[in-house]
Amino acid sequence: MMKEVKIYDSLVGNLNEELKDVLIKIPLSLKGKVEEIRLKRERPLMIYFEGKDYFVSKTGNVTRDISQALIVEEKYIESTFQLISNYSPYAYLEEIKNGYITITGGHRIGIGGKVVYGINGIENIKNISSLNIRIAREKIGISDFLIPYLIKGRKDFYNTLIISPPQCGKTTLLRDIVRNLSNGMIHSNCEGFKVSLIDERSELAGMYNGVPQKDVGLRTDILDGCLKSDGIIMAIRSLSPDIIAVDEIGGKRDVEAIHEALRAGIKLIATIHGSSIHEVREKQSMREIFEEKIFGRYIVLDRSKGVGTIKELIDGSGNPIHFIKGAKNAIS
Amino acid sequence: MLFLKLISITSIFSACTILGYYYGNKYTSRYENLVCLEQCIKILETEIVYGATPLPDALTSVYKKGKPKVSYIFEEIKRDLIGNKRSFVYESFLELEAELYNGLYFKKEDVEILLSLGRVLGSSDRADQSKIFKLVLNQIGAQIEEAKMEKNQNEKLYRSLGVITGIGIIILLI
């Protein structure tokens, strides 16, 4: 819990002084729970946790009463943007074009404003109107109990697909699985694989100045900010991975690249938005993959017992795999 | 008595000459400092436009690579920026204004050029920053030319004036 509070406090330290002074005062018990801080120009200061948003007053009270909320002034947004971009928006332009900046600690800050188009697509975001700060929480060890179900023998791995609705912990789970696969787990007889992590949105490794801010393992190569389809091909050509890990697949080009990887004998772990295996199977781009029975394991997540509840673990033939008695089935 | 006279004459002569040299050297220093500033801004341009180095690191790089008699101001700016968690880079440039006048003998126009850089430094994309640097370097180039002319005109004038004033006062007193 203290670690979570520290993460919150250090994140808030990156914000404009006025906002910092308010957000640092919220009750200690909530600091570890906050998932998002939402700043919108001339709108109330909001935090989001446990599926609901709340307003924050000048004194740091967390309330549902909008009349008490601190109004986020234009200068708060402008100076926060200067601080999070290290006074150097030009150095983060590639990220800004994708709508976010990743800061130290791996926290991702989504940017809203006027999108400027040029000859080659999006060039910049100007007149920034909102900042959505997502607090990256690393949960080390949450996948330990899962690993034995995902590996076969010492050096083989089932292609795995994590199916989850948004905000159910799929990225957190994927990160920890990658860490375990990369480091190896002696008691699970897992030796450690060379993993190539395609981190298109800088969420998995939280790269900052070339250093991963999250533990993604000893043998993990990271292609940060790289399109999944490009990253998979690049990894096959140059990084000789045993496993490629990607977040949120679904596009046609992703599927083509996945086929390329499988042809090269590389294993795959990926996540996809969805609430059940049937729903994902119905997606046009995924149909082929299901017909070919590429995946040997499906992990389905929901929020029924908190963020990251493992609803089902299914094998490649569609049969459920039961956890041995005593194993926990929620990652949070 | 003669001894006292000699001491007084020497003191007056030295004081006037030093004063003349002091004023004359101001022109030399301004010229030399502007040349160093131009070099520092070129380093900063390289770091930002070609290296996409984050501003605080770029400022440190200028401090290390530039001529120390001017480059220290960039480290001061960085220290102020980070230390005081400034909302805008311009605020840190403003903090340095007095030093630019008193420590580097810059004129109002020179300081204004540097402050104009501070207003926009780092705030736009690299193509924009490149244009800004070109403009600022052009303006500094013009100031260097002007400072050179002033130096040539006034440096010797003030020095000679100091010596001649000293001699004049001594003649009057004798």
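What you see is a predicted model, and the numbers here were worked out from it, not measured in a lab. Proteins come first, then strands; the chains are lettered A, B, ... in the order of their sequence lines, and each starts at number 1.
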Is it the case that more than 12 heavy atoms not belonging to [X] sit under 6.0 Å from its [atom1] atom?
X	atom1	answer
B/Tyr101	OH	yes
B/Lys148	NZ	no
B/Phe133	CZ	yes
A/Arg219	CZ	yes
B/Lys5	NZ	no

Testing the basics here: between [X] and [Y], what is the closest heavy-atom pair and its distance to 0.1 Å?
X	Y	result
B/Lys85	A/Leu83	CE-CD1, 4.0 Å
A/Ser88	B/Pro56	OG-CD, 4.0 Å
B/Ala52	A/Ala91	O-CB, 3.4 Å
B/Arg86	A/Tyr87	O-OH, 2.5 Å

Please report the interatomic distance [atom1]([X]) to [atom2]([Y]), rounded to the nearest 0.5 Å.
X	Y	atom1	atom2	answer
B/Arg126	A/Tyr90	CZ	OH	9.5 Å
B/Ser124	A/Lys126	OG	NZ	7.5 Å
B/Phe88	A/Lys75	CZ	NZ	9.0 Å
A/Glu17	B/Ser87	CD	OG	8.0 Å

Query raised in the report: For the candidates B/Asp57, B/Leu55, B/Ile82, which exhibits the highest count of non-hydrogen atom pairs separated by less than 4.5 Å from chain A?
Result: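 Option with the top pair count is B/Leu55.
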Report task. Could you look at A/Lys20 and say if it's the side chain, the backbone, both or neither that has a heavy atom under 4.5 Å from chain B? Result ->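 Contact with chain B is through the side chain of A/Lys20 alone.
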